Amino acid sequence: MKEATESLNFIEHIIEEDLANGFPKDKLCFRFPPEPNGYLHIGHAASICLNFGLGEKYGAPVNLRFDDTNPAKEEQEYVDAIKRDIAWLGFKWANECYSSDYFQQLHDWAVLLIKQGKAYVDQQSSEQIAEQKGTPTSPGTPSPFRDRSVAENLDLFERMKNGEFAPGTYLLRAKIDMASPNMHMRDPILYRIIHAHHHRTGDTWNIYPMYDWAHGESDYLEQVSHSICTLEFKAHRELYDWYLDQIIDPSLLRPKQREFARRNLSFTVMSKRKLLELVQKKVVTGWDDPRMPTISGLRRRGYTPGSIRNFSEVAGISRRENVTDVSLLEFCVREDLNQSATRVMAVLNPIKVVLQNYPAGQTEILHLENNPEKTDAGTHEVPFSRELYIEREDFKEEADSNFFRLALGQEVRLKSAYIIKAEAVVKDAAGNLLEIHCSYDADSRSGSGTEASQRKVKSTIHWVSVAHAIQAEVREYDRLFLDESPDTHESKSYMDFINPNSLKVIKNAYLEPHLGKASPNESYQFQRLGYFTLDSDSHAGGLVFNKTVGLKDTWAKQNAATANKQQTVAKPVAQVPQEAKSALNEIQYLGKKLTNLSGDKLEEALQDIRVQAENVTYEELEPLFGTAAKKVGTRLAVLVALGALIAKGLPKNTAIQTYIDSCLADESALLQEEAGKIS
RNA sequence: UGACUGAUGGUGUAACUGGCAACACGUCUGAUUUUGGUUCAGAAGAGUCUAGGUUCGAGCCCUAGUCGGUCAACCA
């Protein structure tokens with residue numbers, strides 16, 4: 001067992017501190033509060049894993065709360081999808097809550113605010129209100145309706161609630177501070193009139209609370225201890241606290257909001273609005289398109305819950321902007337699938353191989369290991385015959401020294417079968433390769449134990465028997481966008497970066513017959529190709545597989561690298577100044593440490609400085625003469641470097657002499673000594 | 001010309017009250033391998049945005065700057 005001193009993230013530090021300050025552990029409570037207006041994505045997974053992870057870590061309840069305060073946007077469909085996704089990730093919520101459950105309480109508290117003179121009904125247009133709001137750099141001006149009487153406010157609010165007014169005509173606003181530097185404090189809206197059918201409360205309400213009014217109070221009603229949200233809500237915190245102040249019962253727990261940075265993934269976008277646009281403009285086939293960063297998309301693509309949870313764990317959280325490389329996510333699935341995926345053989349780009357010395361009409365049943373990572377995973381049967389398919393990429397008529405696969409006159413092993421040698425090719429009139437004629441070594445069958453079966457050949461390739469293969473459709477996916485962070489460009493929209501080739505459909509891939517029994521919940525490793533899973537478009541007689549992720553392919557990388565090398569000419573970088581700059585940096589760095597050194601180490605460092613001084617000019621060094629007297633180390637380093645330059649023939653000017661004199665006068669014996677050497 | 005917030009290898013995160021900047025991905029070697037996968041062994045890569053200051057000692061504390069993000073929806 002290894003002793004892992006696990007490091008805490010900053011939220012955990014906050015909780016630990018609260019606990020240390022006497023906050024009772026059994027009062028800890030968290031929540032995940034999605035708005036049911038879209039599907040969950042990998043960014044939400046960060047929040048889900050954080051909140052539910054905290055719940056697991058501290059044995060605290062975690063509520064799933066649907067923030068359903070805007071019936072114009074929300075639908076039951078989304079509620080269901082969100083629940084499905086969270087459950088699929090493997091988390092259990094303590095309570096299923098809805099902001100709409102608190103509509104009555106929220107309304108009553110609003111009435112209380114009115115009675116206290118802290119809220120008023122406004123009846124201006126949204127343009128007028130926006131106008132009065134001011135800007136971040138200039139204060140707002142009060143609404144002319146700000147000082148309505150309590151009685152009138154009460155009456156108007158009641159009539160808003162009863163549906164007497166049209167949407168947009170009246171609003172309930174909190175009376176806070178129109179000059180606050182925080183825009184959210186400039187008389188924020190509590191309620192607006194919406195005449196829409198709510199997916200849960202139906203037509204009961206004509207007024208709906210805004211996010212700010214509903215969120216903190218909901219946290220309070222559920223007695224959530226730590227309300228964790230993303231950074232863009234940071235500015236809302238002041239309002240969150242103000243609202244709480246109005247209604248809080250000091251004997252109850254007061255929730256606190258803390259913010260973390262949302263997770264961005266490279267080569268994709270991560271906001272519901274943008275993902276929705278991809279769906280609506282049919283860039284993708286739906287929210288669960290396997291190219292989407294949604295949980296449902298990743299699921300359909302073949303990602304496992306474990307891989308996503310692990311990704312969230314490994315990527316961590318913090319408070320700074322980030323773009324996490326997709327390669328980390330891909331690593332996480334590979335790591336997971338490598339342990340669990342059944343190995344099978346499939347040929348995506350087939351070329352026919354005919355074994356000239358293998359009896360026509362004969363079929364052999366061979367055995368393929370299910371999973372080399374698990375010795376007890378067993379084997380499955382795979383038929384072998386005279387005519388086979390192999391990948392086109394696995395054959396070259398003439399091989400160069402680093403091509404290990406099949407070539408004329410060259411041997412390879414067919415995985416779990418025989419060693420074959422390419423003897424001849426058959427081409428059509430246009431010179432296109434039609435089939436490869438090979439001979440097979442009948443004694444070389446895998447596992448037969450014969451001497452021939454033990455022979456080492458340069459490589460092993462996968463294959464399927466032509467007569468037994470299942471034809472299927474295979475979909476390969478590439479990144480959805482061509483830019484690493486498509487939505488961070490000022491002059492261009494993320495839609496400009498869409499990768500036109502993000503989907504590649506292979507209509508006639510050939511699979512080994514074992515895949516006829518493929519289960520939609522299982523992942524397979526198509527040997528040497530990657531991980532694949534059955535798509536929901538599959539039907540009897542028409543299998544469709546999605547490529548989840550490829551295997552690490554050092555061969556492809558090698559090829560790409562050599563191809564690139566041939567294209568790139570030379571580095572246009574001016575190297576001399578760069579070296580000189582780093583030499584100066586090096587001297588400064590060495591200097592910083594000097595005062596901590598003594599004896600041989602000091603001497604060594606001084607020598608290093610003299611060496612570095614070779615690459616430094618006087619012009620670069622001079623600015624450092626101004627180094628504070630306190631920084632003895634740096635001054636010493638500068639002095640030594642200067643000494644080296646003087647030794648090379650640099651004439652002493654007044655600046656140099658002044659510097660040397662100041663060193664001679666310094667308290668430091670070392671500095672005096674070195675200065676003495678060159679004065 | 002505002003308020004708030006952040007800055008640590010290519011990327012993402014660590015570094016408890018100041019004490020040799022760590023882990024993972026990625027990259028590169030080598031070994032093993034009937035998957036150019038896996039596994040194993042190793043390497044390179046940051047002196048912590050800049051300039052000062054405090055300190056025996058600063059990624060961490062102080063000062064001033066620089067650069068990035070957020071904030072003016074009857075969205076959340």
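These values consider heavy atoms only, across backbone and side chains, with no hydrogens, waters or symmetry-generated copies. Remember, predicted model here, so these are calculated numbers, not experimental data. A note on names: the letters A, B, ... follow the listed sequences, proteins ahead of strands, and every chain is numbered from 1.
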Would you mind telling me which of [options] lies closest to the side-chain atoms of [X]?
X	options	answer
R413(A)	U34(B), G36(B), C25(B)	U34(B)
R263(A)	U35(B), U13(B), G37(B)	U13(B)
H13(A)	A76(B), A15(B), A72(B)	A15(B)
K73(A)	A76(B), C75(B), G26(B)	C75(B)
M183(A)	G36(B), G37(B), C71(B)	C71(B)
N9(A)	A14(B), C25(B), C4(B)	A14(B)
P372(A)	U11(B), U35(B), C25(B)	U35(B)
K456(A)	C71(B), G36(B), U34(B)	U34(B)
S7(A)	G12(B), A14(B), U27(B)	A14(B)
Q525(A)	A76(B), U35(B), A15(B)	U35(B)

Short side-chain N/O contact to [N] OP1/OP2 from [X], under 4.0 Å:
X	N	result
T554(A)	G37(B)	yes
H236(A)	C75(B)	no
R343(A)	G37(B)	no
N37(A)	C75(B)	no
R192(A)	C75(B)	yes
R528(A)	G36(B)	yes
K557(A)	U27(B)	yes
K272(A)	A76(B)	no

[atom1] of [X] versus [atom2] of [N]: gap in Å, rounded?
X	N	atom1	atom2	value
E330(A)	A24(B)	CD	C1'	16 Å
D336(A)	C25(B)	CG	C1'	16 Å
E232(A)	C75(B)	CD	C1'	12 Å
M210(A)	A76(B)	CE	P	5 Å

Check whether any side-chain N or O of [X] sits under 3.5 Å from a backbone N or O of [Y] as a donor-acceptor pair, and report yes or no.
X	Y	value
S448(A)	R445(A)	yes
D67(A)	P34(A)	no
R413(A)	A417(A)	yes

Using a heavy-atom cut-off of under 4.0 Å over every strand shown, decide if [X] touches base, sugar-phosphate, or nothing.
X	result
Y208(A)	nothing
F526(A)	nothing
T69(A)	sugar-phosphate

May I ask you to say whether R237(A) pairs ionically with E259(A), meaning some side-chain N is under 4.0 Å from a carboxylate O?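 Between E259(A) and R237(A) there is a salt bridge, with a charged N closer than 4.0 Å to a carboxylate O.
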Considering non-hydrogen atoms only, spot the tightest contact between Q132(A) and Q124(A) and give its length.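 For Q132(A) and Q124(A), the tightest heavy-atom pair comes out as NE2-OE1, 2.6 Å.
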Pairwise distance CE(M185(A)) to CG(D212(A)) - rounded to 0.5 angstrom: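 It is 10.0 Å, given to the nearest 0.5 Å.
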Gap between atom CG of L337(A) and atom OG1 of T548(A) - 0.5 Å precision: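 Separation between the atoms: 6.0 Å.
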Tell me which of S459(A) and S327(A) sits closer to the 5' end of RNA chain B, going by the nucleotide each one is nearest to.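 Of the two residues, S327(A) wins.
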Checking base pairs now: Watson-Crick or wobble, both atom distances under 3.5 Å. What partners A3(B)?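 A3(B) is paired with U70(B).
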Could you tell me which nucleotide pairs with G10(B) by Watson-Crick or G-U wobble geometry, both distances under 3.5 Å, or answer none if nothing does?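 With both distances under 3.5 Å, G10(B) matches C25(B).
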Tell me whether F404(A) is stacked on the nucleobase of G36(B), counting only the six-membered base ring and applying the 5.5 Å and 30° thresholds.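 Whether judged by distance or by angle, F404(A) passes, so it stacks on the base of G36(B).
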Could you check whether Y211(A) and the base of A76(B) form a stacked pair, meaning centres closer than 5.5 Å and planes differing by less than 30°?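 Check failed, Y211(A) does not stack on base of A76(B).
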Can you check the distance between A51(B) and A58(B), where both ends of the measurement are the P atom (answer in whole Å)?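 Pairwise P distance, A51(B) against A58(B), rounds to 14 Å.
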Euclidean distance for C1', A72(B) against C4(B) (whole angstrom):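 Approximately 15 Å lies between the C1' atom of A72(B) and that of C4(B).
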Base of U5(B) paired with side chain of R320(A) (donor-acceptor, under 3.5 Å):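 No, the side chain and the base share no sub-3.5 Å donor-acceptor pair.
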Polar side-chain contact E259(A)-U5(B) base: donor and acceptor under 3.5 Å: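 It does not, because no donor-acceptor pair links the side chain of E259(A) to the base of U5(B) below 3.5 Å.
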